Engineer: 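This is the structure, below, for whatever I ask next.
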Amino acid sequence: MNAQILETNKRKFKGGENITALYGRLSCDDDLQGDSNSIKNQKAILEKYATDHGFTNLQFYMDDGYSGTTFNRPAFQKMLHDIEEGQVSTVIVKDMSRFGRDYIMVGYYTEIYFQNAKVRFIAVNDGVDTANANISENDLTPFKNVFNEWYAKDTSKKVRSVLRAKGISGKHLCNCPPYGYLKDKDNKDLWYVEEKAAAVIKEIYSLCMKGYGPTQIARKLTEDHIDSPILWKIQHGVNYNSEKFEHPEVWTTHTVTRILSNPTYLGHTVNFRTRKKSYKSNVVEFLPESDWVVFENTHEAIIDQETYDTVQRLRGCKRRPERLGEMSVFSGMLFCADCGNKMYINRCKKYKDYQKCHFDCATYRKGTPKHRGCTSHGINLDTVEEIVLGDLKRVFAMAKNNEKEFVSLLQSNMGSETRKTLSAKTAEYNDGERRIKELDRIIQRLYEDNVNGKISDERFMKMSQNYESEQAALTERVKVLKKELSAVAEQDDNTERFLRLVRKYTEITEITPEIVRTFIEKIIVHEKEVIDGKKTQCVEIIYNCVGAIPYIEK
């Protein structure tokens, strides 16, 4: 108990008679149990008790929709503030569970905090009254608090189990759809797109594709007076607590980042992306993608797959402003061929023309003149732009003029495995699957013959072990084949995806952040070398989905 509370309680409350605080709380789970714990019922019980026992200057502090496992509740915090101001002399609750369900914190407030603040605490239904030390119920209070917390823990387990089953079944787990979607009035499991918000989401993705970062996008949306997701939800009747936000009209970096990384905008239901660390904590942690449960095409998409994938690549390779303000289109995309480190732009004030800036290997830049660790691999920005633009035009021409030949080139470039080998592996996979099922039937028959006495136990053990060993080996082989066949299928899919990207553009006349991030994964720069008396430098362009695209010899 701090000295401030003791000091303020020594002074007479200037407002007059001290407050009798009537505190009530109702969580969402409590509300499902009926009217016994309703706010209205708690108020009636508390007011009647206070009046019957001669308490005056009554004031209600009610938290509706707040869990008992946390004490960060608005009305509760207001009551604590009034206690510290020396305004409260008595706190009355319906029962201990209404006060809280964390036995450590409940014990702290009732046995230490209120005692030091000279505040009387009463729990009506539990018979607790700190003003009367002789009441036997006071001795049982710690045990009741433990059971109250156990109830909260048990309820949390049950809720998690229900949500798990709901999530696996393909239903949405969030009570409130993300920004851009609204619930159907007739069927709350169905979402539909709100066009005005969808246009903003598309603009956010477009700005990201053009090279804007989340902070820049948030600032631009705020300056353009675009309604933030908070205001949008309030306008559409979504029950949203905006009071906890100091400036609900302002777009934040966090809000934009979440929109840019939300796969729900692809039209998929994605469950189990996050979880709370504990039923006592509101801290949310993000789970790895392997833990997600995804149900595709459950509602209308706002963002297409290609745009989403491009944005994720861009976000995974952040572009940082240079010291003189501008950001390179290729920032974070150039890599040293020798050490594998990134290459960073080297810009000096003496370069009035930004195109005269050049990239250097990060290992080289971090080293000392006596020990660089790598060579510069330096290359001018205008040279990179010229090489990339020329190669993009080459690839576009190949894809548009002879698509079949281009696809054949990509397929042969992705691996040395021939279609004949692929066909053989497909047949082996199918044969393996059939044999595994056949072995299941054979083992089942052996077991039945053994039970019926047709074959001895010794014979059964020997034969079943052989069949089970064969089945185990086949199962492992089928897993390997499945993985290899899936990789080939993914390669074919990536080729089609790349062609879809190409078809979106009629031609490329200049380098833009959107084009670079859409088509290029990274650029590998080799050190300069002299061949036949001429200085040359090799630059490899690795394209998204398909890798490096070789030249066709004519």
Side-chain angles (χ1 to χ4, degrees), residues 17-85 87-115 117 119-132 135 137-138 140-142 144-156 159 239 241 243-244 279-280 282:
E17 186 179 3
N18 280 348
I19 294 171
T20 298
L22 307 181
Y23 180 76
R25 178 192 63 81
L26 184 72
S27 71
C28 297
D29 294 330
D30 295 324
D31 195 27
L32 296 175
Q33 297 176 9
D35 295 333
S36 62
N37 284 326
S38 68
I39 291 295
K40 181 179 179 181
N41 185 63
Q42 289 183 61
K43 280 186 173 181
I45 293 174
L46 294 173
E47 186 172 23
K48 184 177 186 307
Y49 179 89
T51 302
D52 292 346
H53 289 77
F55 291 98
T56 57
N57 194 20
L58 310 181
Q59 182 168 323
F60 289 102
Y61 298 83
M62 295 290 155
D63 281 315
D64 193 355
Y66 288 87
S67 170
T69 58
T70 177
F71 286 84
N72 187 22
R73 317 172 206 141
F76 186 84
Q77 292 300 320
K78 175 65 169 61
M79 183 176 71
L80 293 185
H81 176 268
D82 291 345
I83 290 174
E84 293 189 10
E85 291 294 320
Q87 301 177 18
V88 178
S89 61
T90 306
V91 173
I92 305 176
V93 298
K94 174 177 172 282
D95 56 55
M96 296 302 296
S97 67
R98 296 306 92 205
F99 187 75
R101 292 188 182 277
D102 184 330
Y103 79 96
I104 294 177
M105 294 303 297
V106 170
Y108 163 73
Y109 282 115
T110 57
E111 297 181 22
I112 300 176
Y113 187 92
F114 290 157
Q115 294 287 345
V119 172
R120 182 180 180 183
F121 177 77
I122 299 172
V124 177
N125 289 352
D126 289 329
V128 176
D129 187 347
T130 57
N132 191 343
I135 297 179
E137 280 77 1
N138 289 347
L140 296 175
T141 300
K144 292 180 180 180
N145 293 336
V146 170
F147 277 104
N148 286 333
E149 179 169 332
W150 175 84
Y151 174 83
K153 185 176 182 180
D154 185 60
T155 300
S156 175
V159 170
N239 186 16
N241 183 14
E243 296 178 357
K244 62 181 180 180
Y279 70 97
K280 289 186 178 181
N282 287 324

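What's counted below: heavy atoms across the whole structure, side chains too, no hydrogens, waters or symmetry copies. Nothing here was measured: the structure is a model prediction, and the numbers come from that model.
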Engineer: Is it the case that the side chain of Arg25 and the backbone of Arg98 share a donor-acceptor pair, with hydrogens and angles ignored and the cut-off at 3.5 Å?
Structural biologist: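 A pair under 3.5 Å: yes.
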
Engineer: If you measure from CG on Leu22 to CE on Met79, what distance do you get to the nearest 0.5 Å?
Structural biologist: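 Taking CG in Leu22 and CE in Met79, the distance rounds to 10.5 Å.
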
Engineer: Specify the closest pair of heavy atoms between Ser27 and Ser67, including all atoms of both residues, with the distance to one decimal.
Structural biologist: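 What the structure gives for the nearest pair is CB-CA, 4.1 Å.
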
Engineer: Report the residues that fulfil salt bridge (charged side-chain N to carboxylate O under 4.0 Å, His left out) with Lys43, sequence neighbours left out, ordered by chain and then residue number.
Structural biologist: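 None.
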
Engineer: Taking only residues two or more places apart in sequence or in another chain, which ones pass salt bridge (charged side-chain N to carboxylate O under 4.0 Å, His left out) with Arg120?
Structural biologist: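 In terms of salt bridge (charged side-chain N to carboxylate O under 4.0 Å, His left out), with neighbours along the sequence ignored, Arg120 is linked to Asp129.
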
Engineer: Rounded to the nearest 0.5 Å, what's the gap from CD1 on Ile45 to NZ on Lys94? Could you check?
Structural biologist: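 One gets 5.0 Å once the value is rounded to the nearest 0.5 Å.
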
Engineer: Compare all side-chain heavy atoms of Asn57 with those of Asn18 and state whether any distance is below 4.5 angstrom.
Structural biologist: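 A side-chain contact is absent here, since even the closest heavy-atom pair is not under 4.5 Å.
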
Engineer: Mind checking the CD1-NZ spacing from Ile83 to Lys78? Nearest 0.5 Å is all I need.
Structural biologist: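 NZ of Lys78 is found 10.5 Å from CD1 of Ile83.
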
Engineer: Who are the salt bridge (charged side-chain N to carboxylate O under 4.0 Å, His left out) partners of Asp64, not counting sequence neighbours?
Structural biologist: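 For Asp64 there are no salt bridge (charged side-chain N to carboxylate O under 4.0 Å, His left out) partners, ignoring immediate neighbours.
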
Engineer: Ignoring hydrogens, what is the shortest heavy-atom contact between Leu58 and Ala50? Give both atom names and the distance.
Structural biologist: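 For Leu58 versus Ala50, the nearest heavy atoms are CD2-CB, 3.6 Å.
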
Engineer: Check the pair Tyr61, Val88 against side chain to side chain contact (heavy atoms under 4.5 Å, CB included), reporting the backbone distance first and the verdict last.
Structural biologist: CA-CA 12 Å; Tyr61 298 83; Val88 178; 4.3 Å; yes

Engineer: Going through the checks in order, is the side-chain hydrogen bond (donor to acceptor under 3.5 Å, both in side chains) test met by Asp95 and Ser97?
Structural biologist: CA-CA 6 Å; Asp95 56 55; Ser97 67; 2.4 Å; yes

Engineer: Just so I know, are the side chains of Leu80 and Tyr113 near enough to count as touching, which here means a heavy-atom distance under 4.5 Å?
Structural biologist: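 Heavy-atom side-chain distance check passes, below 4.5 Å.
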
Engineer: For Asp102, is there any backbone N or O sitting under 3.5 Å from a side-chain donor or acceptor partner on Thr69?
Structural biologist: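 No; zero donor-acceptor contacts below 3.5 Å.
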
Engineer: Taking atom OG1 of Thr90 and atom CZ of Phe55, what is their separation to the nearest 0.5 Å?
Structural biologist: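 Between atom OG1 of Thr90 and atom CZ of Phe55 there are 5.0 Å.
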
Engineer: Compute both the distance and the angle, then confirm whether Arg73 meets the cation-pi test with Phe71: under 6.0 Å from the six-membered ring centre, within 45 degrees of the axis.
Structural biologist: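 Relative to the ring axis of Phe71, which defines the angle, Arg73 lies inside both limits.
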
Engineer: For residues Val128 and Val93, determine if any side-chain heavy atom of one lies less than 4.5 Å from a side-chain heavy atom of the other.
Structural biologist: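 No, every pair of side-chain atoms sits at 4.5 Å or beyond.
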
Engineer: Determine whether the aromatic ring centres of Tyr109 and Phe76 lie less than 6.0 Å apart.
Structural biologist: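 Tyr109 vs Phe76: aromatic centres under 6.0 Å.
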
Engineer: Would you mind reporting whether His53 and Ile122 have side-chain heavy atoms less than 4.5 Å apart?
Structural biologist: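 No - every pair of side-chain heavy atoms lies 4.5 Å or more apart.
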
Engineer: Kindly determine whether Phe114 and Thr130 satisfy side chain to side chain contact (heavy atoms under 4.5 Å, CB included), including the steps that lead there.
Structural biologist: CA-CA 9 Å; Phe114 290 157; Thr130 57; over 6 Å; no

Engineer: Side chains of Met96 and Tyr103: closer than 4.5 Å at any heavy-atom pair?
Structural biologist: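 Of all side-chain heavy-atom pairs linking Tyr103 with Met96, none is under 4.5 Å.
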
Engineer: If you round to the nearest 0.5 Å, how far is CG of Leu26 from OH of Tyr66?
Structural biologist: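 Between Tyr66 OH and Leu26 CG, I get 12.0 Å after rounding to 0.5 Å.
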
Engineer: Quick one: CE on Met62 to CG on Leu46, what's the gap to the nearest 0.5 Å?
Structural biologist: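 It is 5.5 Å, given to the nearest 0.5 Å.
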
Engineer: For Asp63 and Tyr23, which I'm curious about, is there any donor-acceptor pair between the side chains at under 3.5 Å?
Structural biologist: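 Judged by distance alone, the side chains do pair up.
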
